[in-house]
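Worksheet: one structure, shown below.
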Amino acid sequence: MKRSKIKSLYAAPPVGQSVNVMGWLKTRRGGKKFSFAEVNDGSTIKNLQIVLDNSRFDEETLKQLTTGACVSITGNLVESVGQGQPIELHAETVTIFGPSDPETYPLQKKAHSLEFMREIAHLRPRSTTFGCILRLRHAMAYGIHRFFHEKGFFYVHTPIITASDCEGAGEMFTVTTLDLAAPPKNKDGQVDFSADFFGRPAHLTVSGQLNAELAALALSDVYTFGPTFRAENSNTTRHLAEFWMIEPEMAFYDLHDNMALAEEMLRFLIRLALEEHYDDLDFLCATYDEELIPRLKSVVESPFERCDYTRAVEILLHSGQSFEFSVEWGADLQSEHERYLVEKHFQKPVIVYNYPKDIKAFYMRQNDDGKTVAAMDVLFPKVGEIIGGSQREERYDKLLERIRQMGLPEENYWWYLDTRRFGSAPHSGFGLGFERLLTFLTGMGNIRDVIPFPRTPGNAEF
RNA sequence: GCCCGAUUAGCUCAGUCGGUUAGAGCGGCUGACUGUUAAUCAGUAGGUCCUUGGUUCGAGUCCAAGAUCGGGCGCCA
């Protein structure tokens, strides 16, 4: 018999028919005559209740129906007599694929702390919470491709291994095949990377942006969506050493077009989650954060605030709030400042734009005022900065000037500068941190709980 | 990297002023129960009190160092 997924049984119950389900037991309740088990196969948050007439099964089989066991059950699907579920399966045959010793299986039929589940990351996909998160993570990945595809964007694959440091800042992981115990040295005693695999120093990418720009200056609208790596010693609930980033890059977009696209995408994705994955969100809302669904709805329903940096500074200076870090034109906004703007002053997502040029990257387009660049950050409640982007500097001379001013190795950027020498075009783009989006969407307080296998300083288990 | 806090049973935690035999709930196991919903009821097992050193007649409790975890900040997405 063909196996049915539980999601499809709930969607269109074949009541009165014989069906087969396969999955993992969440719990079993035993009685003298009947036993009740709940099986979950991950296709949906919902479990299917299995009813077993104890007299039909040998004791050994019933004994092996423990929390965590993997089973295949065939039987008659019927409308449930009991309250709490519309349908249930009256078991006729039971096969135990993988028993699970209840004394040592770490996931019990009770709530566990998120901290504990991080320690059992190899088993936490079996938990209800992580099942929700993995389904939502998929939904957002799919939604991102769908959003861009429907707008005529092309998905480009930018390299994971790179010899350039995109922003001239940020610690990178080195990629090498040299013998670390005895690397070849040159005359000056430095490691001789000409003997390395790539014949030069190589790193894991911190951003696909520069490569995406190359594609945008041919295909007009493109995006990358891939893993990125930062070797920063960041110990927060918002940072990972390995994370996924979505980076669209669009020719002929100015900063305001860029902001409009970012807003449209975020609202599209959150609406998608609310419409198609309400079950999962509802569980997370009830379990972890009762404000979750209202917050998601408010983002979908009300437009984001636009606020230029200079005005943001004015608002903060006149806020009457005392901040740990003082507010001053020219300094970057601190977390506490961003939080005030989003959560207190505007009470909705805010896009801050036109930042002082000295605190932003070399590739951002200089504004006519000579002081600011066409940068923008999308700030969300609870999670803070979720997107950073800009209109790119398309003028060769201005770009080269910034590279030199910032002391970057000009020779590394010859190919990037070439795009400004041949058919340069105004263009813009941004980077969305995938896990930050998921942190916001799921209401999880820690970014380590929205990625299957988090990599952070000192932690690469699993 | 900086600043706080925590670490006691499988999990979540309590443990008073330093005192003799370290507790609870949940989970597990055993049994009872005619359809249960994180079932209920009864019983039962389960401990390197993070590690090392120190103070003390005596340390889960006080002190120091270290480890690990958590939160905040910085860097950013």
Side-chain angles (χ1 to χ4, degrees), chain A residues 26-38 47-55 63 66-68 78 80-85 88 90 100-120 127-128 166-167 169-171 206-209 225 227-247 262 287 323-325 331-339 359-361 377-380 383-389 430-440 445-451 456-459 461:
Chain A
K26 290 290 212 185
T27 178
R28 182 171 69 104
R29 298 176 284 272
K32 192 170 196 176
K33 286 179 73 177
F34 295 98
S35 296
F36 300 88
E38 296 201 25
N47 302 328
L48 183 65
Q49 173 158 283
I50 311 295
V51 183
L52 301 111
D53 180 342
N54 292 349
S55 64
K63 228 178 158 137
T66 59
T67 300
V78 300
S80 181
V81 181
Q83 304 289 308
Q85 61 282 317
E88 64 190 18
H90 286 193
S100 174
D101 176 7
E103 294 205 43
T104 50
Y105 183 58
L107 280 167
Q108 305 162 356
K109 53 176 176 183
K110 55 168 282 195
H112 288 291
S113 68
L114 295 168
E115 290 82 1
F116 174 66
M117 291 214 281
R118 268 173 230 152
E119 294 171 13
I120 52 163
S127 69
T128 306
C166 172
E167 310 198 1
E171 293 295 314
V206 294
S207 165
Q209 178 197 318
F225 182 6
T228 48
F229 307 87
R230 304 272 167 96
E232 306 282 350
N233 188 15
S234 297
N235 296 288
T236 77
T237 57
R238 305 179 303 284
H239 291 85
L240 291 164
E242 175 183 293
F243 64 101
W244 288 65
M245 191 151 61
I246 298 97
E247 295 176 285
T287 308
F323 295 111
E324 189 187 337
F325 292 87
D332 209 352
L333 300 180
Q334 303 294 315
S335 291
E336 57 176 338
H337 304 146
E338 295 178 349
R339 198 165 303 131
I359 58 172
K360 289 292 180 182
D377 285 352
V378 180
L379 311 179
F380 261 32
V383 296
E385 184 178 344
I386 197 167
I387 279 179
F430 61 83
L432 166 66
F434 189 50
E435 285 76 17
R436 291 212 177 151
L437 171 68
L438 285 167
T439 302
F440 178 76
N446 191 317
I447 201 167
R448 295 166 201 206
D449 295 327
V450 298
I451 188 168
T456 53
N459 196 340
E461 189 74 58

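The figures that follow rest on heavy atoms only: side chains count, while hydrogens, waters and symmetry mates do not. Order of the sequence lines fixes the chain letters, A, B, ..., with proteins taken first and strands second; residue numbering starts at 1 for each chain.
Of the N and O atoms on the side chains of A:E247 and A:S207, at least one donor lies less than 3.5 Å from an acceptor on the other residue. Side-chain contact, A:T27 with A:E38: no donor N or O sits under 3.5 Å from an acceptor N or O.
Contact annotation: side chain of A:H112 to base of B:C11, donor-acceptor pair absent below 3.5 Å.
Of the nucleotides present, B:C73 is the one that pairs with B:G1 by Watson-Crick or G-U wobble criteria, both distances under 3.5 Å. Within the shown strands, B:U52 is the pairing partner of B:A64 under the Watson-Crick or G-U definition, both distances less than 3.5 Å. Searching all strands for a Watson-Crick or G-U wobble partner of B:A38 with both distances below 3.5 Å returns nothing. B:G19: Watson-Crick or G-U partner is B:C57, with both key distances under 3.5 Å.
Which of B:C29, B:A38, B:C76 sits closest to the side chain of A:P102 comes down to B:C29. Comparing B:A77, B:G74, B:C11 against the side chain of A:F325 picks out B:G74 as the nearest. Across B:G72, B:G35, B:A77, the shortest atom-to-atom separation from the side chain of A:H90 is found for B:G35.
With rounding to whole Å, A:Y105 atom OH is found 15 Å from B:C11 atom P. Atom CD in A:Q108 sits about 8 Å away from atom C1' in B:G28, given to the nearest Å.
An aromatic stacking contact between A:F434 and the base of B:A77 is absent, as defined here by ring centres under 5.5 Å apart and ring planes under 30° from parallel.
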